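Just so we're clear, the structure is a prediction, and the values are computed from it rather than from any experiment.
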Amino acid sequence: MANWLCVKQCGACCHLDPGERPDLEKYLTPENLQLYLSLVGEDGWCIHFDAEARECKIYDQRPRFCRVQPDVFQELYGIEPEELNDFAIDCCQQQIEGVYGDSSPEMERFNQAVEC
């Protein structure tokens, strides 16, 4: 069974371009949507993403909607805790494919890490 985990130096989830995430207002409160949009840089990446190190500069203080936790995903997306693992793997694969491509080193590292 595959187990989700965040792969270091990926950052695909930090590509926040709202044009590629049209359902944001369905999941985020108006306050969180405003915060989300304030984090999007001109290039579509989070302003707190360190592109050189490929990591979040505020990881420990990142917004709640950036956290892959059972309570967050249940509240935002209606995902039951026992479904989180498979849902998170699918989300990461879709995001990595969209940002880096299906055959990218990032996808390869993610799949190896989660044993897909």
Side-chain angles (χ1 to χ4, degrees):
M1 179 178 160
N3 290 306
W4 179 87
L5 62 97
C6 183
V7 176
K8 296 268 186 203
Q9 297 175 317
C10 172
C13 60
C14 299
H15 190 258
L16 304 178
D17 186 347
E20 296 175 15
R21 298 181 182 203
D23 296 338
L24 288 172
E25 63 280 344
K26 283 185 183 178
Y27 307 113
L28 301 177
T29 64
E31 296 82 18
N32 278 331
L33 180 58
Q34 183 177 3
L35 173 59
Y36 181 98
L37 295 174
S38 75
L39 297 174
V40 182
E42 289 184 22
D43 59 358
W45 288 85
C46 179
I47 59 174
H48 298 293
F49 180 65
D50 181 334
E52 189 173 314
R54 296 182 70 171
E55 62 186 19
C56 177
K57 294 183 279 187
I58 63 162
Y59 188 81
D60 291 334
Q61 294 82 37
R62 70 196 186 280
R64 192 164 186 269
F65 55 74
C66 291
R67 299 170 186 267
V68 179
Q69 298 171 190
D71 60 326
V72 174
F73 272 62
Q74 188 169 29
E75 177 189 324
L76 295 179
Y77 311 111
I79 302 301
E80 295 299 324
E82 60 273 7
E83 299 170 348
L84 177 60
N85 188 61
D86 291 340
F87 183 82
I89 289 171
D90 289 344
C91 284
C92 284
Q93 288 172 328
Q94 288 176 22
Q95 187 68 11
I96 293 168
E97 181 178 353
V99 173
Y100 300 119
D102 188 42
S103 319
S104 64
E106 292 81 5
M107 183 69 82
E108 194 172 307
R109 284 190 300 116
F110 179 77
N111 287 336
Q112 286 176 342
V114 300
E115 300 176 4
C116 280

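Open room surrounds NZ on Lys8; 12 or fewer heavy atoms of other groups in view lie less than 6.0 Å from it. The local environment of CD in Glu115 is sparse, with at most 12 non-hydrogen atoms from other residues, nucleotides or ligands closer than 6.0 Å.
Scanning all heavy atoms of the two residues, the minimum distance from Ile47 to Ser38 falls at CD1-O, 3.8 Å. Nearest approach of Phe110 to Ile89, heavy atoms of both residues: CE2-O, 3.9 Å. Shown here for Leu28 and Tyr36, the closest heavy-atom pair between the two residues is CD1-CB, 3.9 Å. For the pair Cys10 and Phe49, the tightest heavy-atom approach, listed with the atom from each and the gap, is O-CZ, 4.2 Å. Residues Pro18 and Leu37 share a closest heavy-atom pair of CG-CD2, 3.8 Å.
One hydrophobic cluster, built from ILVMFWY side chains closer than 4.5 Å, holds both Leu24 and Trp45.
Atom CD of Gln94 sits about 11.5 Å away from atom CG of Asp102, to the nearest 0.5 Å. To the nearest 0.5 angstrom, Glu83 atom CD is 11.5 Å from Asp90 atom CG. Taking CD of Glu106 as the start and CZ of Arg54 as the end, the distance is 4.5 Å to the nearest 0.5 Å. Residue Leu76 holds its CG atom at 9.0 Å from CZ of Phe65, rounded to the nearest 0.5 Å. Put simply, CG on Asp17 and SG on Cys46 are 12.5 Å apart, with the number rounded to the nearest 0.5 Å. Summarising the geometry, atom CG belonging to Leu35 is positioned 10.5 Å from atom CD belonging to Glu31; distances are rounded to the nearest 0.5 Å.
In this structure, Arg67 contributes its side chain and Arg62 its backbone to a donor-acceptor pair below 3.5 Å. Formation of a donor-acceptor pair under 3.5 Å by the Asp23 side chain with backbone atoms of Lys26 is not found in this model. Looking only at distances, a side-chain donor or acceptor of Gln95 sits under 3.5 Å from a matching main-chain atom of Ala12. Side-chain atoms of Asn3 do not come within 3.5 Å of backbone N or O of Asn85 as any donor-acceptor pair.
Pro63 is listed as a side-chain neighbour of Leu39, based on a closest heavy-atom distance under 4.5 Å. Val114 has its side chain out of reach of Val7: every pair of non-hydrogen atoms, C-beta onward, lies at least 4.5 Å apart.
Between Phe87 and Phe73, the two ring planes are perpendicular [angle over 60°; tilted spans 30° to 60°].
A side chain to side chain contact (heavy atoms under 4.5 Å, CB included) with His15 is found for exactly one of Val99, Ile96, Val40, Asp43, namely Val99.
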Give the C-alpha distance, both sets of side-chain angles, the deciding distance and a yes or no for side chain to side chain contact (heavy atoms under 4.5 Å, CB included) between Gln93 and Asn111.
CA-CA 8 Å; Gln93 288 172 328; Asn111 287 336; 2.8 Å; yes

